[in-house]
Each structure stands twice: as C-alpha cells, then as structure tokens.
Number of protein chains: 2
Amino acid sequence: MGQTLLDEIDLLILRQLMQDSTLSHKEIGRAVHMTGQAVGARIRRLRELGVITGYSIGWDPEKLGLNVHALITVFLNSGSAHQTFLQFVASEEEIEEAYRVSGEGCYWMRVRTESPERLNALLDRLVKYGNYKLSLAIGQVK
Amino acid sequence: MGQTLLDEIDLLILRQLMQDSTLSHKEIGRAVHMTGQAVGARIRRLRELGVITGYSIGWDPEKLGLNVHALITVFLNSGSAHQTFLQFVASEEEIEEAYRVSGEGCYWMRVRTESPERLNALLDRLVKYGNYKLSLAIGQVK
DNA sequence: GTGATTTCCTTTCCGAATGAAAATAGATAC
DNA sequence: GTATCTATTTTCATTCGGAAAGGAAATCAC
C-alpha cells in the first residue's frame with residue numbers, strides 16, 4: 001500500500017505528537033533537524049492525507065466520577081438487526097469503544113459508568129439486543 | 001467524592017477539548033460566555049487537578065499499515081509472575097491497551113499489527129506467560 | 001451593616017507560535 | 001546545460017497563550 005507516502009521524519013513527527021500534541025512545531029523541529037515551518041507543512045499534509053484524524057485530550061475517568069469500568073462481549077440475537085444495535089451504541093455515552101468482532105461473540109465493547117447501578121441499567125438496555133458476557137476492569141496496565 | 005471540584009462550565013470545556021483540543025481558548029469562550037483568558041485559567045486548573053492528563057492526536061491505523069486488529073483475553077499461568085507480564089506488556093509496542101480484569105481471564109488487551117505474521121509472532125511471545133483467547137476486530141463501531 | 005479576605009473574571013500587554021507567500025536548494029528528466 | 005518539480009528555508013502579518021493588574025461578587029468575623 002501507500003507505504004512510501006510516509007517517510008521516517010513523518011513517523012518521528014507522529015510519534016512525538018501522539019505523546020504530546022502541544023509540542024510546538026519548533027520543538028519538534030529540533031528533534032528532526034528542520035525549521036518549525038517545515039514541520040508545520042508536514043503536519044498539515046498528514047492531516048490532509050487522513051493520517052492524523054484529530055486532536056484530543058487525555059482525561060482521568062475517576063476524577064470525573066466514572067468508577068466502574070467494564071469489558072463486555074455481546075452475542076447479538078439472531079433476529080436482532082445490526083443497524084439498530086449500532087444506533088444503540090452511538091446513543092449510549094457510557095460506551096467508550098465498540099468493535100465488531102469475528103471470534104467469540106458479535107461485538108466487543110468497553111464501558112465506564114459512575115456506579116454499579118448505572119452499569120446495571122445499561123445492561124438492562126443492552127439485553128434487548130442479545131446476550132452478553134461481562135468482565136470488570138480492575139486496573140489499567142496500558 | 002470531589003464532585004464540587006468541577007462545575008458545569010468545566011464539563012463543557014472538557015467536552016469541547018475531547019472533541020477538538022486545537023480549539024482556541026477564545027473559541028471555547030464563545031460557547032461558555034467567557035473570555036479566552038478565563039477559559040485558559042480553568043484549563044490550567046484542570047491540568048493541575050489531574051483531570052486533563054495530556055494532549056494527543058487521533059490517527060488512522062490503516063494509513064500506517066496496521067491492518068490486523070485483535071482482542072485478546074489472557075489467562076496467566078498460575079506460576080507466571082504478574083510483574084514480568086506487566087514488563088512484557090510495556091515492552092510490546094503493538095499492544096495498544098491492556099487491563100487487569102476480574103471475570104473471564106486475568107488480563108484483557110487490544111493489539112494492532114501490520115500483518116498476520118506479526119500477530120503470530122506476538123502470540124508466540126505471549127504464550128510464555130499463559131493461555132489466551134483471541135478475537136479479530138473487523139470494524140470499529142465507536 | 002462594615003470591612004477584610006477570597007475567588008473568579010476582565011482588561012491590558014508582551015513574547016511566542018502559527019500560517020501564508022516568496023525565495024532558494026536539490027533532484028530528476030531530457 | 002536547461003527546465004521542472006518537490007521540499008525546505010526565509011520573511012512577514014496575524015493570532016494565540018500566559019502573566020500581571022484591576023474589579024465585581026461571595027463569604028466570614030465582628
């Protein structure tokens with residue numbers, strides 16, 4: 001594929017931005033031996049190519065009161081339409097990630113809620129679409 | 001807990017930054033009816049409180065050639081030390097997330113590799129620590 | 001009620017970063 | 001050698017971000 005689209009310098013810039021996107025172009029330039037403007041041009045290109053899809057912040061879920069963290073494997077009912085399930089996923093703010101999977105189950109997702117009661121309520125809404133298997137995350141390793 | 005630490009305006013600012021951390025303080029200020037400087041002071045406070053933990057970019061894994069996406073449940077050997085497993089996780093760049101779980105298995109993790117061969121090699125290294133169950137992600141829903 | 005204190009916001013100001021345009025260097029084809 | 005194309009540097013105007021000073025509102029002691 002388009003592997004020649006990105007050179008080593010692009011990858012260096014990306015790695016730096018992944019760690020800290022507030023680095024100035026000039027600071028990044030020091031690491032890759034370029035002026036800030038050249039770095040800026042490359043970053044603009046990475047955005048236009050769709051390699052960089054956006055800028056965001058990292059945040060502490062516990063500081064926001066999200067104390068419950070669960071991993072859920074979803075086994076969709078055979079009659080349940082995937083489309084309506086996708087709408088469900090999109091509408092539930094407590095679902096942080098969700099993937100269609102091949103292997104065990106139909107979907108896998110990770111959720112955070114502020115309390116066991118909220119998790120319980122979410123599972124009640126989820127069970128309309130199918131069965132599930134749940135594990136609680138008791139620590140983030142990475 | 002410290003729920004009174006964050007007011008509605010702080011949450012609004014956080015939500016905006018989660019969507020796009022390149023918004024200027026002034027732009028955010030328009031949404032919350034404050035000057036850019038006031039927004040900047042609140043953001044600084046959110047950083048000092050540890051609510052905001054960092055700034056990063058979103059990126060397209062396929063544009064970087066990471067075509068294989070897998071979800072792995074790890075069942076650690078009873079003799080295997082957790083400490084050495086954590087070092088393993090930290091050293092493997094292809095592991096993007098990992099959590100200690102209570103429920104099915106000991107750890108859960110999500111990995112991306114550029115090829116099935118690389119996934120195979122990663123699993124070879126993983127199997128020293130225990131057993132695993134693997135699902136392939138075939139689409140990101142959220 | 002008065003005054004002091006604290007907190008938070010606005011105003012003002014300056015250094016630094018960003019983004020655009022023009023000039024320059026390096027590589028390639030012919 | 002000449003033309004051409006791409007990527008970088010240089011230069012410049014605009015904007016942003018952070019610090020300091022001043023002011024409004026809430027709290028508290030008395």
Side-chain angles (χ1 to χ4, degrees), chain A residues 1-67 93 96 114, chain B residues 1-67 93 112 114:
Chain A
M1 247 200 75
Q3 225 51 2
T4 177
L5 280 186
L6 304 184
D7 62 13
E8 275 306 314
I9 295 178
D10 289 320
L11 293 178
L12 274 173
I13 292 173
L14 278 174
R15 261 192 284 273
Q16 300 229 16
L17 288 177
M18 287 177 198
Q19 286 195 306
D20 181 4
S21 64
T22 66
L23 289 170
S24 73
H25 298 171
K26 195 174 176 184
E27 283 172 312
I28 296 174
R30 253 193 292 279
V32 300
H33 307 293
M34 283 207 281
T35 60
Q37 286 79 350
V39 172
R42 277 172 178 267
I43 290 176
R44 193 174 323 125
R45 179 170 163 273
L46 290 170
R47 272 198 306 244
E48 286 161 3
L49 287 174
V51 178
I52 293 176
T53 58
Y55 292 73
S56 181
I57 57 171
W59 47 279
D60 184 338
E62 299 194 359
K63 294 257 165 65
L64 291 184
L66 297 173
N67 303 303
E93 301 227 340
E96 298 206 338
E114 59 184 32
Chain B
M1 249 202 73
Q3 226 50 2
T4 176
L5 280 186
L6 304 185
D7 62 14
E8 276 307 313
I9 294 178
D10 290 319
L11 293 178
L12 274 173
I13 292 173
L14 278 175
R15 261 191 284 272
Q16 300 230 16
L17 288 178
M18 286 178 199
Q19 285 193 306
D20 180 4
S21 63
T22 66
L23 290 170
S24 73
H25 298 169
K26 195 175 178 184
E27 284 170 311
I28 296 174
R30 255 194 292 280
V32 300
H33 306 294
M34 284 205 282
T35 60
Q37 287 79 351
V39 172
R42 277 173 178 265
I43 291 176
R44 192 176 325 127
R45 179 170 163 273
L46 290 171
R47 274 199 305 247
E48 286 162 2
L49 287 174
V51 178
I52 293 176
T53 58
Y55 292 72
S56 183
I57 57 171
W59 47 279
D60 183 338
E62 299 193 359
K63 295 255 167 63
L64 292 183
L66 297 173
N67 303 302
E93 300 228 340
R112 285 191 197 268
E114 58 184 32

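By convention in this document, chain letters (A, B, ...) are assigned in the order of the sequence lines, proteins followed by strands, and residues within each chain are numbered from 1.
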Using atom types as modelled and distance alone, determine if a side-chain donor or acceptor of A/Thr53 lies under 3.5 Å from a backbone N or O of B/Gly58. yes
Shortest non-hydrogen contact between A/Met18 and B/Leu64, atoms and distance: CE-CD1, 4.3 Å
Indicate yes or no for a side-chain donor-acceptor contact from B/Glu27 to the backbone of B/Ser24 under 3.5 Å, with no hydrogens or angles considered. yes
If you measure from CZ on B/Arg30 to NE2 on B/His25, what distance do you get to the nearest 0.5 Å? 13.5 Å
If only side-chain N and O atoms of B/Arg45 are considered, is one of them under 4.0 Å from the OP1 or OP2 phosphate oxygen of C/dC8? no
Using a cut-off of strictly less than 4.0 Å between a heavy atom of the residue and any atom of DNA chain D, enumerate the qualifying residues of residues 21-39 of chain A by number. A/Met34, A/Thr35, A/Gln37, A/Ala38
With heavy-atom distances below 4.5 Å as the criterion, would you say the side chains of B/Leu17 and B/Leu46 are in contact? no
Measure the distance from CG on B/Asp10 to P on C/dC9 and round it to the nearest whole Å. 9 Å
OH/A/Tyr55 to CG/B/Asp20 distance, rounded to the nearest 0.5 angstrom? 9.5 Å
Any donor-acceptor pair under 3.5 Å linking the side chain of B/Ser21 with the backbone of A/Ile57? no
Quick one: OG1 on B/Thr35 to NZ on B/Lys26, what's the gap to the nearest 0.5 Å? 10.5 Å
Contact span of DNA chain D against chain A, any nucleotide atom under 4.0 Å from a heavy atom, 5' to 3', runs D/dT8 to D/dT11
Without swapping roles, check the side chain of B/Lys63 against the backbone of A/Leu49 for a donor-acceptor pair under 3.5 Å. yes
Interatomic distance, B/Ile43 CD1 vs C/dC9 C1' [rounded to whole Å]: 15 Å
Atom-pair distance (CD1 on B/Ile9; C1' on C/dC8), nearest Å: 10 Å
Between N or O atoms, less than 3.5 Å apart, protein on one side and nucleotides 22-25 of chain C on the other: list the pairs.
none

With a 4.0 Å cut-off, would you call A/Asp7 and A/Arg42 a salt bridge? yes
